[in-house]
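Below is one structure, written out as structure tokens; the observations come after it.
By convention in this document, chain letters (A, B, ...) are assigned in the order of the sequence lines, proteins followed by strands, and residues within each chain are numbered from 1. As a basis for the values below, the full set of heavy atoms in this structure was taken, side chains included, without hydrogen atoms, waters or symmetry mates.
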There are 4 protein chains.
Amino acid sequence: MTVLKKSEVKRAALVKATINLVNNQGFHAAPMSKIAKMANVSPATIYLYFENKQDMINQVYKEVKAEYVAFAFETFKDDLSVEDGFELVWRRMAKYKLDDIEKGFFLSQCENTPMIDVESRQEGVKNLAPLLDLWDRGIAQDIIKPLSHHLLYAFSIYPLAFLLNAHKRGDFKITNTHLNDAYQAAWASIKK
Amino acid sequence: MTVLKKSEVKRAALVKATINLVNNQGFHAAPMSKIAKMANVSPATIYLYFENKQDMINQVYKEVKAEYVAFAFETFKDDLSVEDGFELVWRRMAKYKLDDIEKGFFLSQCENTPMIDVESRQEGVKNLAPLLDLWDRGIAQDIIKPLSHHLLYAFSIYPLAFLLNAHKRGDFKITNTHLNDAYQAAWASIKK
Amino acid sequence: MTVLKKSEVKRAALVKATINLVNNQGFHAAPMSKIAKMANVSPATIYLYFENKQDMINQVYKEVKAEYVAFAFETFKDDLSVEDGFELVWRRMAKYKLDDIEKGFFLSQCENTPMIDVESRQEGVKNLAPLLDLWDRGIAQDIIKPLSHHLLYAFSIYPLAFLLNAHKRGDFKITNTHLNDAYQAAWASIKK
Amino acid sequence: MTVLKKSEVKRAALVKATINLVNNQGFHAAPMSKIAKMANVSPATIYLYFENKQDMINQVYKEVKAEYVAFAFETFKDDLSVEDGFELVWRRMAKYKLDDIEKGFFLSQCENTPMIDVESRQEGVKNLAPLLDLWDRGIAQDIIKPLSHHLLYAFSIYPLAFLLNAHKRGDFKITNTHLNDAYQAAWASIKK
DNA sequence: TATGAATGAGCGTTCATTCAT
DNA sequence: AATGAATGAACGCTCATTCAT
């Protein structure tokens with residue numbers, strides 16, 4: 001509607017190009033010049049939208065993470081039972097990552113790298129609040145083991161990243177059966 | 001008479017420096033010049049021990065991975081029951097990573113990065129054979145769920161990487177209790 | 001309106017610097033950094049105009065060679081007699097090299113070096129076509145010895161390079177008399 | 001016979017390796033380490049025989065040049081007629097270069113490069129004294145044109161370098177007929 | 001005499017970033 | 001808002017040379 005619209009297009013192209021390039025060869029093989037070329041803009045244009053490369057990576061991370069979490073919780077409602085709620089969220093997380101492998105893989109790569117700064121990572125975690133609340137409810141109801149959120153996350157959510165990586169590398173094809181098995185394993189690991 | 005050739009000392013210093021620098025800032029922030037400086041050698045010396053940077057990273061990865069797996073299986077015996085065997089290996093894996101956080105974290109970082117080439121990764125996986133055999137035995141004995149090795153690994157072993165990263169980042173202190181809880185979760189996720 | 005884009009100025013400066021440095025110390029003593037400095041640009045700027053050092057040398061060679069040949073044939077016409085045509089071209093070749101000793105010497109240095117790739121050299125030779133045609137005409141008219149073009153070139157044109165080198169080195173000053181003598185020798189060597 | 005003998009072998013191997021490598025890719029592609037490897041000695045050993053790379057190249061040049069000239073004049077006698085003497089020397093020069101193409105090509109490459117220092121080049125020229133004397137005799141006898149030695153050399157000897165280069169590059173195969181033609185051209189260019 | 005290990009300096013090249021328009 | 005040209009700094013790596021034995 002406004003003049004800004006055009007810029008949104010360019011920004012989106014830059015974000016997409018960044019994800020694409022980082023995925024294919026890692027951060028070190030995603031130079032600004034290539035990102036610019038893939039997004040069909042001048043290198044200088046990048047700096048109209050982002051402060052620098054660090055900032056760009058972090059913004060892209062935060063955006064994708066936010067989109068991911070939003071999708072995961074979109075149909076979630078507080079009145080669901082703990083188990084139903086967890087399964088719903090878990091399956092939507094898996095769905096998001098499998099439906100948009102590029103973004104899913106990008107998130108996985110960011111999970112362990114020091115390129116994402118502390119603040120961005122914390123902001124990413126904050127979005128998970130509804131899940132943590134659900135876990136706390138489950139713990140209170142004696143349905144879920146009374147463990148640290150870190151442990152619950154490590155065993156029920158984090159494994160998806162590994163499966164996705166193996167899937168993307170071609171080592172392992174995630175079928176529907178695998179997905180069901182995986183959910184069962186996730187739930188088994190945290191349920192009381 | 002064990003003679004430590006000077007070269008082995010330098011090589012070890014280089015390996016250590018590589019792990020250290022990669023851990024602190026990621027691969028892209030571990031230039032050869034810094035690695036050399038940290039290892040107290042000339043940049044040119046690196047190339048007496050490694051073909052190039054790629055080769056260096058991969059060799060370091062393979063060495064650490066081999067050491068890690070060797071440690072994990074050191075006291076393992078085939079006549080252990082499936083559950084005892086798994087717990088033994090799991091706890092030694094955790095112990096290795098916690099005792100030498102630097103190496104543990106380095107392995108985590110390597111898990112997802114495209115800097116490690118396919119061949120090195122596969123060699124790393126090959127070392128896990130005894131664990132896979134144990135799982136197969138467990139499946140045959142109806143003790144462990146009949147799942148793909150990828151799934152078993154994702155839920156019972158991979159979560160350790162997440163906990164270690166959080167620990168290293170200072171988000172989360174891994175206590176003995178956590179470790180026991182974690183083992184319970186790992187076992188719960190794969191046991192029938 | 002002839003607009004000299006800034007870039008053409010820089011490119012020309014780079015070409016000039018390359019010729020200059022290669023002449024003074026040979027290819028191995030003409031590092032990109034020195035070339036950049038002499039041309040008053042950043043090292044990185046070179047790569048906006050040339051793909052790499054090889055490409056640069058070859059482009060410079062081809063340009064100078066083309067300029068040289070263009071000059072040599074500028075006033076040549078097909079209706080000249082064989083002898084007049086040859087003398088004209090020969091003298092203009094000599095004039096070009098003596099008027100711009102730097103370029104002349106550069107061409108000499110390129111004549112024998114493996115730094116010039118096969119393709120560039122062949123392109124350089126292609127430009128000589130009118131001279132080869134003239135020789136063929138001379139052979140047909142029984143004015144010139146029926147020799148391979150290589151032989152005709154070796155004895156009538158190539159010697160200029162030697163004289164130029166000696167001149168540049170200061171061993172030998174090429175006077176007008178020398179030039180006339182040289183032409184006589186060149187003609188004597190190929191005329192029937 | 002003496003201890004020196006062994007070193008002569010190594011020295012000779014180094015000289016040969018230098019010629020070989022310089023020929024194949026030019027000076028810039030003949031690093032000391034490769035030369036050492038090809039001569040089956042340690043890089044450090046080179047410095048027992050030569051002061052540094054410059055010195056090495058120059059010594060090799062001087063040696064080959066001396067050998068070449070010695071061969072050329074070996075059967076030459078002062079009582080030969082000017083024309084017979086010239087033909088004899090010319091043909092032996094050609095023979096040397098064609099019989100040992102490696103050395104012949106090496107000399108050609110040295111002819112124009114600034115890598116050979118002034119002193120070495122002059123020493124190379126000094127060896128040609130008998131030829132220059134012959135020319136002077138020819139001039140006195142009114143058989144040869146009264147030209148500067150530089151001119152006589154440029155037209156009667158230097159062309160061989162061009163033919164050899166073309167031959168080595170594979171552009172042009174020097175046959176016996178070509179050789180005879182070449183001699184005729186050489187003589188024609190300088191004879192009165 | 002001879003070496004393999006080691007090196008500082010410097011190579012060709014690329015990078016994230018900025019400038020002039 | 002957008003750019004292509006330009007850049008200083010730094011990269012991975014190689015070189016001629018020296019050192020310890």
With respect to the side chain of Asn52(C), which nucleotide from dT3(E), dT13(E), dA6(F) is positioned closest?
dT13(E)
Nearest non-hydrogen partners of Tyr47(D) and Met32(D), listed with the distance:
OH-CE, 3.5 Å
Between dT17(F), dC11(F), dT3(E), which nucleotide gets closest to the side-chain atoms of Tyr47(D)?
dT17(F)
What integer distance in Å separates Tyr49(B):OH from dG4(E):C1'?
10 Å
Map Ala44(A) and His28(C) onto DNA chain E by nearest heavy atom, then report which one ends up closer to the 5' terminus.
His28(C)
Would you say NZ of Lys62(C) has more than 12 non-hydrogen atoms from neighbouring residues, nucleotides or ligands within 6.0 angstrom?
yes
For Lys53(D) and dT18(F), give me the distance from atom NZ to atom P, rounded to whole Å.
15 Å
For DNA chain E, write out the stems as range with range, using runs of 3 or more consecutive Watson-Crick or G-U pairs with both distances under 3.5 Å.
E:2-21 with F:2-21
Of all the heavy-atom pairs spanning Asn20(D) and Glu102(D), show the shortest one and how long it is.
CA-OE1, 4.0 Å
Using a 6.0 Å cut-off, check whether atom NZ of Lys16(A) has over 12 heavy atoms from anything other than its own residue.
no
What is the distance from NZ of Lys10(C) to C1' of dA20(E), rounded to the nearest Å?
11 Å
Of all the choices, dT7(E), dA16(E), dC19(E), which nucleotide is nearest to the side chain of Met32(A) once you look at every atom?
dA16(E)
The answer to which of Ser42(C) and Pro43(A) contacts DNA chain F further toward the 5' end, by nearest nucleotide, is Pro43(A)
For Phe50(B) and dT14(F), what is the distance between atoms CZ and P respectively, to the nearest whole Å?
15 Å
Rounded to whole Å, how long is the line connecting atom NZ of Lys34(B) with atom P of dA9(F)?
16 Å
Check for a donor-acceptor pair, side chain of Asp117(B) on one end and backbone N or O of Asn58(B) on the other, with a separation under 3.5 Å.
no
Check every atom of dA2(F), dT3(E), dA16(F) against the side chain of Thr45(D) and return the nucleotide holding the closest atom.
dT3(E)
So with a 6.0 Å cut-off around NZ of Lys34(A), is the heavy-atom count from everything else above 12?
no
Could you give the CE-to-P distance, from Met56(C) to dC11(E), as a whole number of Å?
14 Å
Tell me, do Thr45(D) and Leu48(D) make a side-chain contact under 4.5 Å, heavy atoms counted?
yes
To the nearest angstrom, how far is Leu48(C) atom CG from dT3(F) atom C1'?
14 Å
Glu8(C) CD to dA5(F) P: how many Å, rounded?
12 Å
Which one, dA6(E), dT3(F), dC15(F), comes nearest to the side chain of Ser33(D)?
dC15(F)
